[in-house]
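The structure under discussion appears below in the form of structure tokens.
In each ligand, atom 1 is the first atom listed, and ligand 1 is the first ligand listed.
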Amino acid sequence: VAVELSPLVRRVVANNPSAYTYQGTCTYLIGRGDLAVVDPGPSDEAHMRALLAAVRRDERITQIFVTHTHTDHASAARTLQAKTGGEICGFGPRLRTEQPAVTMPFDRELRDGEVVAGRTWTLEAVHTPGHASDHICYALKEEGVLCTGDHVMGWATTVVPPPDGRLADYLASLEKLLLRAGDNHYLPGHGPAISDPHRLVRAFLTHRRERNEQILSAVGEGTATVPDLVRRIYDENRKTVWPAAAASVYAHLLYLLETGRIDLVGDDVVQRSSRFRRRA
Ligand SMILES: [Zn+2]
């Protein structure tokens with residue numbers, strides 16, 4: 001079911017709830033008459049029906065924007081295009097060679113700062129790598145709203161899975177949002193709208209810096225591996241999130257390695273199974 005969030009924004013939540021997607025992926029319909037979609041969502045017939053039902057008879061979807069190519073955000077893009085003819089837009093050309101989750105040559109590749117406008121809406125691409133190297137937030141100029149995808153969500157901090165996810169990029173992308181004035185509300189890819197968003201962004205920065213220090217001191221107690229650190233830092237009772245926790249710890253270790261605060265033990269090349277030691 002579509003919910004009207006503001007004069008220009010409607011939201012349809014896909015039925016794909018999980019430990020990683022909260023209640024499901026949020027698909028946003030933006031504008032009046034000629035519409036932009038931000039994140040078509042997962043491949044799911046019921047979601048597609050709900051999305052198309054939210055488009056009124058005198059309206060049509062002209063653009064389909066993708067925040068990043070993870071399946072829960074981008075899988076439905078081709079189907080939606082087949083039904084509406086909308087142009088698929090996303091970040092490009094890709095920065096890294098890893099396979100994206102959804103292989104998708106975009107009809108239109110957007111770079112940081114690029115603006116696309118319809119008759120009633122203007123969206124600016126804000127490149128925000130970290131969760132994924134191709135991640136874009138979209139700023140709706142008319143309403144002071146930023147669609148934040150998986151970069152900033154209200155219900156949980158995002159996952160930064162290496163190698164495509166990179167903590168140094170993520171921290172820089174959070175700082176980048178703090179420099180932007182006029183984004184009064186965030187509309188995330190999962191979970192409810194966020195007001196007073198800079199406060200949340202600062203809290204995420206603090207959380208990551210504290211986690212860096214926590215991991216650094218844990219590594220300081222002896223050589224450590226990713227599983228050692230996950231066991232030491234994360235709650236026994238929330239083992240469902242341990243795979244994500246392992247990716248996160250690894251991302252922090254790579255960051256500490258890049259910034260010269262820890263060393264690799266034994267291996268020549270860093271990998272998930274590597275052992276680390278605090279630099280003296
Ligand atoms: Zn994602």
Side-chain angles (χ1 to χ4, degrees), residues 11-28 37-44 47 51 64-80 88-92 94-104 106 109-110 112 125-139 146-174 176-177 186-194 197 200-201 204 207-208 240-252 254:
R11 179 182 60 206
V12 179
V13 180
N15 186 26
N16 60 335
S18 75
Y20 299 107
T21 62
Y22 194 58
Q23 292 168 349
T25 304
C26 299
T27 297
Y28 296 102
V37 167
V38 173
D39 279 349
S43 286
D44 178 274
H47 181 58
L51 189 54
I64 301 162
F65 293 92
V66 170
T67 59
H68 63 299
T69 48
H70 288 169
T71 52
D72 58 323
H73 294 259
S75 293
R78 286 270 169 260
T79 310
L80 186 60
I88 301 176
C89 311
F91 184 80
R94 284 185 67 80
L95 300 176
R96 297 208 244 292
T97 52
E98 287 91 26
Q99 270 300 329
V102 178
T103 310
M104 179 176 289
F106 295 119
E109 292 190 331
L110 303 176
D112 184 45
V126 183
H127 184 219
T128 40
H131 171 74
S133 61
D134 65 354
H135 196 288
I136 288 182
C137 294
Y138 293 97
L146 187 71
C147 294
T148 52
D150 280 356
H151 179 45
V152 175
M153 298 174 284
W155 68 287
T157 177
T158 195
V159 178
V160 179
D164 190 48
R166 192 167 164 265
L167 188 63
D169 290 345
Y170 173 63
L171 297 175
S173 293
L174 289 176
K176 184 175 190 171
L177 296 194
Y186 288 177
L187 297 176
H190 309 276
I194 299 160
L200 183 68
V201 172
F204 284 150
H207 166 72
R208 292 294 179 160
T240 49
V241 301
W242 277 21
S248 178
V249 165
Y250 186 50
H252 280 268
L254 292 176

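- Rounding to the nearest 0.5 angstrom, the gap separating the NE2 atom in His151 from the OH atom in Tyr170 is 6.5 Å.
- Aromatic ring centres of His73 and His190 lie closer together than 6.0 Å.
- Nearest N/O/S atom of Asp150 relative to the Zn ion (ligand 1): this is OD2.
- Summary: ND1 is the N/O/S atom of His70 found nearest to the Zn ion (ligand 1).
- Within the 3.5 Å criterion, the main-chain N or O of Ala132 finds no donor-acceptor partner in the side chain of Asp164.
- Around the Zn ion (ligand 1), the two atoms NE2 of His68 and NE2 of His131 are separated by an angle of 100°, to 10 degrees.
- Between the Asp169 side chain and the Pro129 main chain, no donor and acceptor come within less than 3.5 Å of each other.
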